[in-house]
Protein chains: 2
Amino acid sequence: MNQTTEDKIKEAALRVFIQKGYDRCSSREIAREAGMNVALVNYYFRSKSKLFAIIFESVMQDFLKSLVQVFGSALPIREKIKILIEREFEFLSQHPDIPNFVINELSRNPEVSKDILPTLEKIYESGVFEEAKKLQATGEMRKMDLVQVTILILSNCQYPFMAAPLMKVVHGVSSETYLHLLQSHREHAVNMVLGYLFPNDNSIPS
Amino acid sequence: MNQTTEDKIKEAALRVFIQKGYDRCSSREIAREAGMNVALVNYYFRSKSKLFAIIFESVMQDFLKSLVQVFGSALPIREKIKILIEREFEFLSQHPDIPNFVINELSRNPEVSKDILPTLEKIYESGVFEEAKKLQATGEMRKMDLVQVTILILSNCQYPFMAAPLMKVVHGVSSETYLHLLQSHREHAVNMVLGYLFPNDNSIPS
DNA sequence: ACATTTATTAAACAATTGTTTAAAACAGAG
DNA sequence: CTCTGTTTTAAACAATTGTTTAATAAATGT
């Protein structure tokens, strides 16, 4: 508990912003969550929106961390994709509401995305896209736009967590049951995506 | 333009609610969009939340319509899934922000989902789940929880539209380019999902 | 034509919002 | 202790929120 007031506000803001979004929470709620007066929030961060920008950027770093690390590694591309999916499931198990948060705030105010461009550069510099193009040229990897490859991978990682409220209603399952289902879903995501992207591999799944 | 005042409010509310969500818009904004006074909104619908409940329920009907219709049809299950995916892409092309809207509002207030239970009943009554279980027993269909089957299908339909703001930032593509990509993505979704759910089918894709 | 219900408006209500101000509590240095 | 700068607080600010009220306009029936 040896953290500074500034950090206490940041932690509270992180919790509140992610859980409720920028517009659905008030400065006073953040202050209350941090156990202090409202004015302190503006004393340290000048405004709610400036505080949000700081929080959002750090969330984005976390959100893209696996992507940058895995794609920047020296593994073969199949391994990259497999590990990326597994890491995503791990991350999302602990932060299931971050994808919704990120997408909502990006569409609310596209300007907040400016800060993450340097992070994205790292992915491009990793050469993973050139690697993929080569494998596509030899026919080893299915030919499709690399944007679609990203969509394919992230669809099967993030959506299952994002859609939890919907799925629980549609299938009438409890939160615990659903989270348990998602654990076994990870392998399906890996097998399906790899099987589709590399149709010549004979993994003979189950 | 022969529509009643009540309908004008409903239409305006539909647009505003879907685009911005319940909390990010005001009663006055809805009234302005409908071209009339604020008090009329409450005159016809008693409160913002009651108006929202009506709008949300009708959106949910649209949102689940394909699911109910296709699963309730007499087609073999492979055709059901194929047509469902194609219908979803068609629907989402015209209403790309409905999935985000539905999921956000469901997690904001899970109570709003009470009204759709009768609609969901129709899906269960269609017998599609029993049909799937039979095919799983014969080994023709991959064995996995049917909740996961739903996740698998909807992941590859809804996420690509939901994640548009994120993908546009990550890959630096324009809205037009992205929407065009999604069109060709539909076939990938069909082939991948069917290929994974029915591994013995030799569709020999591309 | 008049009377009565319905539809619409402008204005006001209290509550909450983000932000600022001015004063108090606290800290450390001399 | 005293001075000085930093941290924290309560109070106030104007703006906006959902909702209500009371008055006006339009429509309806007789």
- When the distance from CD of Glu6(B) to P of dA7(C) is rounded to whole Å, what number comes out? 9 Å
- Query: Rounded to the Å, how far apart are Asp23(B) CG and dG18(D) C1'?
  - Reply: 12 Å
- Using atom types as modelled and distance alone, determine if a side-chain donor or acceptor of Ser184(A) lies under 3.5 Å from a backbone N or O of His180(A). no
- Enter the inter-axis angle for the ends of the helix from dA1(C)-dT30(D) to dG30(C)-dC1(D) (five pairs per end, rounded to 10°). 10°
Kindly list each side-chain donor-acceptor pair under 3.5 angstrom involving residues 10-20 of chain B, sequence neighbours excluded, with atom names and distances?
from: Arg15(B); atom 1: NE; to: Glu33(B); atom 2: OE2; distance (Å): 2.9
from: Arg15(B); atom 1: NH2; to: Glu33(B); atom 2: OE2; distance (Å): 3.4
from: Lys20(B); atom 1: NZ; to: Glu29(B); atom 2: OE2; distance (Å): 3.1

- Query: Which pairs count as ring-ring contact (aromatic ring centres under 6.0 Å, His included) when at least one residue sits in residues 153-174 of chain B, sequence neighbours excluded?
  - Reply: Phe129(A)-His171(B), Phe89(B)-Phe161(B)
- Task: Rounded off to whole Å, could you give me the CG-to-P distance for the Asn42(B) and dT20(D) pair?
- Result: 6 Å
- Query: Using a cut-off of less than 4.0 Å, is there contact between a side-chain N or O of Thr5(B) and OP1 or OP2 of dT8(C)?
  - Reply: yes
List the atom pairs, donor and acceptor, that lie under 3.5 Å between side-chain atoms in residues 113-122 of chain A and the rest of the protein, sequence neighbours left out.
from: Ser113(A); atom 1: OG; to: Pro110(A); atom 2: O; distance (Å): 2.7
from: Thr119(A); atom 1: OG1; to: Gln61(A); atom 2: OE1; distance (Å): 3.2
from: Thr119(A); atom 1: OG1; to: Gln61(A); atom 2: NE2; distance (Å): 3.2

- Query: Given the rule in the side-chain contact (heavy atoms from CB on, under 4.5 Å) test, do Val41(A) and Arg28(A) qualify, once you have shown the distances and angles that lead to the verdict?
  - Reply: CA-CA 9 Å; Val41(A) 174; Arg28(A) 283 168 178 82; over 6 Å; no
- Query: Rounded to whole angstroms, how far apart are NZ on Lys48(B) and P on dT20(D)?
  - Reply: 15 Å
- Looking at residues 26-41 of chain B, who's got a heavy atom less than 4.0 Å off DNA chain D? Ser26(B), Ser27(B), Arg28(B), Val38(B), Ala39(B)
- Message: Once you apply a heavy-atom cut-off of 4.0 Å, does Ser49(A) come out as touching a base, just sugar-phosphate, or nothing?
- Response: nothing
- Query: Within this structure, what is the OH-to-C1' distance between Tyr43(B) and dT20(D), rounded to whole angstrom?
  - Reply: 14 Å
- Query: Is a salt bridge present between Arg87(A) and Glu90(A), judged by a nitrogen-to-oxygen distance below 4.0 Å?
  - Reply: no
- Task: Verify the contact: side-chain N or O of Tyr44(B) to OP1 or OP2 of dT8(C), cut-off strictly under 4.0 Å; return yes or no.
- Result: yes
- Item | Tyr196(A) backbone acceptor or donor facing Arg142(A) side chain under 3.5 Å | yes
- So the salt bridge (Lys or Arg N to Asp or Glu O under 4.0 Å) pairs with at least one residue in residues 68-82 of chain A (sequence neighbours excluded) are Arg78(A)-Glu140(A), Arg78(A)-Asp201(A), Lys80(A)-Glu131(A), Lys82(A)-Glu86(A)
- How would you list all residue pairs meeting salt bridge (Lys or Arg N to Asp or Glu O under 4.0 Å) that involve residues 161-189 of chain B, not counting sequence neighbours? none
- Query: Near DNA chain C, which residues from residues 14-22 of chain B have a heavy atom under 4.0 Å away?
  - Reply: none
- Sorted by chain and number, sequence neighbours left out, ring-ring contact (aromatic ring centres under 6.0 Å, His included) with His95(B) holds for Phe91(B)
- Message: Against Ile151(A), only a single residue in Leu154(A), Ile153(A), Val149(A), Val147(A) fulfils side-chain contact (heavy atoms from CB on, under 4.5 Å); can you say which?
- Response: Val147(A)
- Query: Partners of Ala53(A) by side-chain contact (heavy atoms from CB on, under 4.5 Å), sequence neighbours excluded?
  - Reply: none
- Quick one: side chain to side chain donor-acceptor pair (under 3.5 Å) pairs with a partner in residues 42-51 of chain A, sequence neighbours left out? Ser47(A)-Ser49(A)
Could I get a table of every N or O pair under 3.5 Å where one atom is in the protein and the other is in nucleotides 23-25 of chain C?
none

